[in-house]
Amino acid sequence: MRRLIYIPFDHLHEKYGALKGADPKSDVVVLVESARMTTGRPWHPMRLFFLISSARHFAAGLEARGFTVRYIKAATTIDGLKVAEKEYGSLPIVCAEPSSFRQFTALREYGVEFVANDFFLTSRELFTQWAESQKSFLMENFYRAQRLRLDVLVPGGKPEGGTWNFDKENRLPPPKNYTWPAYLEHKRDEIDTQVASELGIDPGTTWATTRKGAQAQLKYFIKHHFANFGPYEDAMALDNWALHHSLLSPYLNNGLLHASEVIDAAVAAYETGDIPIASAEGFIRQVIGWREYVNGMYWYLGPEYRENNQLKAMQPLPLVFRDSSKTKMKCVQTIVGDIEERAWVHHIPRLMVLSNLALITGTNPQEFLDWMREVFIDANEWVMVPNVIGMGLHADGGRMMTKPYAAGGAYISRMGSYCKGCAYDPKKRVGDDACPFTTLYWDFLDRNKEAFAKNHRMFQQNNGLKRLNDLDELKVRASEVIDGLAHGEI
Ligand SMILES: Cc1cc2nc3c(=O)[nH]c(=O)nc-3n(C[C@H](O)[C@H](O)[C@H](O)COP(=O)(O)OP(=O)(O)OC[C@H]3O[C@@H](n4cnc5c(N)ncnc54)[C@H](O)[C@@H]3O)c2cc1C
Ligand code: SF4
C-alpha cells in the first residue's frame, strides 16, 4: 500500500477532495469515528445519527467498490490515524484541507499532507483576493461576481430577468389556506437501524444518510418545491416546518452532494421554463452566494474571529433553548420544539427568532454559538461561526454585516403565524402581556445606543428610541423578562 487517505465525516464524496484519483490497489481509506466528535458535547442525537450513519454508509460503499477501508473508533482523530499506521506502517497520510481551523492545525501538526479542498466553488485563495479588493464585505457584490465568474444565469454578462436581486418579490408572509406538498421520506436500512440503536433513538424519516438519498432529496426539491421557493423563503408557518426550503444543507455540508451538482440541477430546471426567475435567483443566491461567502469569510477572518464579543454580551443562555417547554412564547416554543424533533429549522427562525432572541437578551455569543453547533444537523464550524458571530449576533462590531438583525414582535408577527396563539401581544412593549421581543428590542437599542450612535443604517431605530415615552417602565419590564427567561418563566 502506498498511502493512507483520511476522510473526515464532512468529505463524503468520491469525486472530490482526497479521493479524487484514489486507487483501490494502492490506497487505504481511513475514517475515524472519534469519541471527541460523538460524546465531547451534548450533541443532538439526530445530528449524530446523520453524521455517523452517512459515514458508515460511505465507508461500506467504498469497500463494495474495491477499496480497502478502515473505519476506526478511537478517542480522537489522531488516535484513529495511529491505529491505521500501526496496521499499515507509516505511510504518507493524505487528506483534503479540513474545514475548521482546529482540525487543520491538529492534522498539520501530525504531519498529514493536504490536497486542495474543492468541496466549495470558491477556493480560499480566490476569496481572499476578492475580500482584499473590497472596502466592505458586502455579500451582494460577492454574489454578482460569482454569477459572472461561474456563468450562472448571466446571458451576455447581464442578469437573467433584468435584475440581480429578486428579494422584494421573495418576502411574502405565510400563505393562508395553502396546500404544502409533502416532504420526501427516507427509508431506513440495517446501517441506519444499527446507528440509531447505538444512540437509543428513533431516527425518523426526514434525513437521508446515503448519496442516493441525498440525490433523491435534490430531485424532489426541484420537482415539488423549487418553483415556489422564492416567495415564501422568509415566511414562518405554524402549520408547516420547512415550507419550500430544500433541506439540502446537511448533504452539502457532509459531502454527499456537491454545490455544483445542486446548481446544475437548479439551472437545468429553470431552463425548462417551469421555474419563475424569482425562485431560481433566490435559491441560486443561497448556494453560490451566501454559502460560499460564509465559508470564505470563515477562513478570511481567522481563528480568533469566533471569540468576538464586541457588544460585551454576558447573559447566560436562556433556559428555553435547552427545553422548549420552558416558555410561553409561541414562536420560540414552536421553533425550539422543531429543533428538538429534527435538528433543523430554516434560515429565518435561525436568524430572526433564535439569534434575535440571543442578541436582544444580551446572551453571550460563544454560549449561543456552542448551543447552535450542538443542535443543528448541518452545523459545521466554518458555517456556524460567521452566521452566528457576524450575522446573527453582530458580535464582530459590524465587520460582516453593517447593522444588527434585531427585531421586535412586529416582524415575527408579519412573517410568521405564531402570534395569534401566544400568551403575549406583539404590539405591546410594556406590561405583563407585552411581547418579550418587542420589549427587549427597545431595551437592546437603549443598552447599545452608544455603540450604534454613528451607524447611519441605525438612524431610524435610534430616532424611534428617542421618541419612546415609556422607556423607564420598559426597562423595568425588560429586566423582568431577562430574569424570567433565565428561569424559564416567560
Ligand atoms: C444564525 C444562523 C446559523 C446558521 N447555521 C448554519 C449551519 O450551521 N449550517 C448551514 O448549512 N447553514 C446555516 N445557516 C444558513 C441557513 O439557515 C441554512 O443553510 C438553511 O436553513 C438550510 O436549510 P436548506 O438546505 O433547506 O436551505 P435553503 O433555504 O433551501 O437554501 C439552500 C442552501 O443555501 C445555503 N445557504 C443559505 N444561506 C446560507 C448561509 N447564511 N450560510 C451558509 N449557507 C447558506 C445552504 O447550503 C442551503 O442548503 C445559518 C443561518 C443563520 C442565520
Ligand atoms: S407575541 Fe411575541 S413572543 Fe408571542 S409569538 Fe408573537 S413574537 Fe413570539
Side-chain angles (χ1 to χ4, degrees), residues 47 120 139 183 217-218 221 225-226 229-230 232-234 236 238 242-254 257 259 262-263 266 279 282-298 320 327-335 343-359 368-369 372-393 400-401 405 407-429 433-441 481 490:
R47 174 191 155 85
F120 293 87
M139 200 299 286
Y183 297 104
Q217 183 68 39
L218 172 60
F221 164 70
H225 289 281
F226 188 22
F229 172 86
Y232 302 120
E233 72 175 298
D234 282 4
M236 297 178 283
L238 193 56
L243 295 95
H244 290 300
H245 288 274
S246 67
L247 304 178
L248 292 174
S249 56
Y251 318 117
L252 280 163
N253 294 357
N254 81 345
L257 285 180
V262 173
I263 289 302
S279 283
F283 181 73
I284 285 166
R285 161 185 300 270
Q286 308 306 315
V287 180
I288 68 169
W290 279 111
R291 185 170 191 272
E292 298 287 317
Y293 171 82
V294 158
N295 180 57
M297 288 300 272
Y298 174 79
V320 56
T327 185
K328 291 180 286 198
M329 301 162 81
K330 191 75 181 166
C331 53
V332 182
Q333 189 188 69
T334 309
I335 289 162
W344 183 95
V345 290
H346 77 76
H347 187 73
I348 297 301
R350 294 188 203 202
L351 183 63
M352 300 310 294
V353 178
L354 302 171
S355 303
N356 184 21
L357 184 65
L359 173 71
F368 180 67
L369 174 62
M372 293 282 281
R373 283 277 280 115
E374 285 155 18
V375 298
F376 277 99
I377 192 155
D378 56 11
N380 298 29
E381 184 79 358
W382 64 265
V383 55
M384 251 326 160
V385 169
N387 271 309
V388 169
I389 299 296
M391 193 180 328
L393 296 199
M400 212 169 112
M401 300 289 142
Y405 280 97
Y411 175 88
I412 299 170
S413 169
R414 189 168 63 251
M415 294 309 293
S417 49
Y418 311 107
C419 297
K420 269 194 192 132
C422 182
Y424 301 106
D425 181 344
K427 292 195 201 76
K428 288 196 177 169
R429 57 177 178 259
D433 63 344
C435 167
F437 278 99
T438 309
T439 309
L440 292 172
Y441 168 73
V481 170
I490 285 291

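Read the numbers this way: they start at 1 and go in the same order the structure lists the ligands and their atoms.
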Checklist entry - Is Asn387 close to ligand 1, meaning an N/O of one under 3.5 Å from an N/O of the other? => result yes

Checklist entry - Between the candidates His244, Glu381, Gln286, which shows the shortest non-hydrogen contact distance to atom 37 (C) of ligand 1? => result Gln286

Checklist entry - Any N/O/S atom, backbone or side chain, of Cys422 lying under 2.8 Å from atom 4 (Fe) of ligand 2? => result yes

Checklist entry - How does Asn253 reach ligand 1, by side chain, by backbone, by both or by neither, if only non-hydrogen atoms under 4.0 Å count? => result side chain

Checklist entry - Do any heavy atoms of Gly392 fall under 4.0 Å from ligand 1? => result no

Checklist entry - Within the structure, does Leu247 bring an N/O atom to less than 3.5 angstrom of an N/O atom in ligand 1? => result yes

Checklist entry - Looking only at atom types and distance, does a side-chain atom of Arg47 sit under 3.5 Å from a main-chain N or O of Phe376, one as donor and one as acceptor? => result yes

Checklist entry - According to the interplanar angle, ranging from 0 to 90°, do the rings of Phe221 and Phe283 count as parallel (below 30°), tilted (30 to 60°) or perpendicular (above 60°)? => result tilted

Item to check | contact_flag Tyr293 ligand 1 heavy-atom lt 4.0 Å | outcome: no

Item to check | Contacting atoms of ligand 1, where contact means under 4.0 angstrom from a heavy atom of Ser355 | outcome: 1 (C)

Checklist outcome for this item: protein heavy-atom neighbour closest to atom 48 (C) of ligand 1 works out as Ser249 CB, 4.1 Å

Checklist entry - Checking only N/O/S atoms, does Cys331 have one that is under 2.8 Å from atom 8 (Fe) of ligand 2? => result yes

Next on the checklist: Can you name the atoms of ligand 1, numbered from 1 with element, that are less than 4.0 Å from a heavy atom of His346?
Outcome noted: 21 (O)

Checklist outcome for this item: Counting heavy atoms under 4.0 Å, the part of Val294 that contacts ligand 1 is side chain

Checklist entry - Looking only at protein heavy atoms, which one is nearest to atom 47 (O) of ligand 1, and how far off is it? => result Arg291 CD, 3.2 Å

Checklist entry - Does ligand 1 have any atom sitting under 4.0 Å from a heavy atom of Phe229? => result yes

Checklist entry - Can you tell me the protein heavy atom closest to atom 6 (Fe) of ligand 2 and the distance? => result Cys419 SG, 2.3 Å

Checklist entry - Hey, is Phe283 one of the residues with a heavy atom under 4.0 angstrom from ligand 1? => result yes

Item to check | Flag, side chain of Arg429 to backbone of Gly408, donor-acceptor distance under 3.5 Å | outcome: no

Checklist outcome for this item: Looking only at protein heavy atoms, what sits closest to atom 1 (S) of ligand 2 is Tyr424 O, 3.4 Å

Checklist entry - Which ligand 1 atoms, with their elements, are less than 4.0 angstrom from a heavy-atom of Ser246? => result 24 (P), 25 (O), 26 (O), 27 (O), 28 (P), 30 (O), 32 (C)

Item to check | Atoms in ligand 2 with a heavy atom of Pro426 nearer than 4.0 Å | outcome: 1 (S)

Next on the checklist: Can you name the atoms of ligand 1, numbered from 1 with element, that are less than 4.0 Å from a heavy atom of Met391?
Outcome noted: 41 (N)

Checklist entry - Counting only heavy atoms, which portion of Trp344 has something under 4.0 Å from ligand 1: side chain, backbone, both, or neither? => result side chain

Next on the checklist: Quick check: do Val287 and Leu248 have side-chain heavy atoms less than 4.5 Å from each other?
Outcome noted: no

Next on the checklist: Which of the numbered atoms in ligand 1 are under 4.0 angstrom from any heavy atom belonging to Ala379?
Outcome noted: 8 (O)

Checklist outcome for this item: To atom 20 (C) of ligand 1, the nearest of Met384, His225, Met372, Arg350 on a heavy-atom basis is Arg350

Checklist outcome for this item: The atoms of ligand 1 lying under 4.0 Å from a heavy atom of Trp290, numbered in the order shown, are 38 (N), 39 (C), 40 (C)

Checklist outcome for this item: Per-atom filter on ligand 1: closer than 4.0 angstrom to a heavy atom of Leu252 are 47 (O), 49 (O)

Checklist entry - Quick one: does Leu248 get an N or O within less than 3.5 Å of an N or O on ligand 1? => result yes

Item to check | Atoms of ligand 1, numbered as shown, that sit under 4.0 Å from any heavy atom of His347 | outcome: 15 (C), 16 (C), 17 (O), 21 (O), 41 (N), 51 (C), 53 (C)

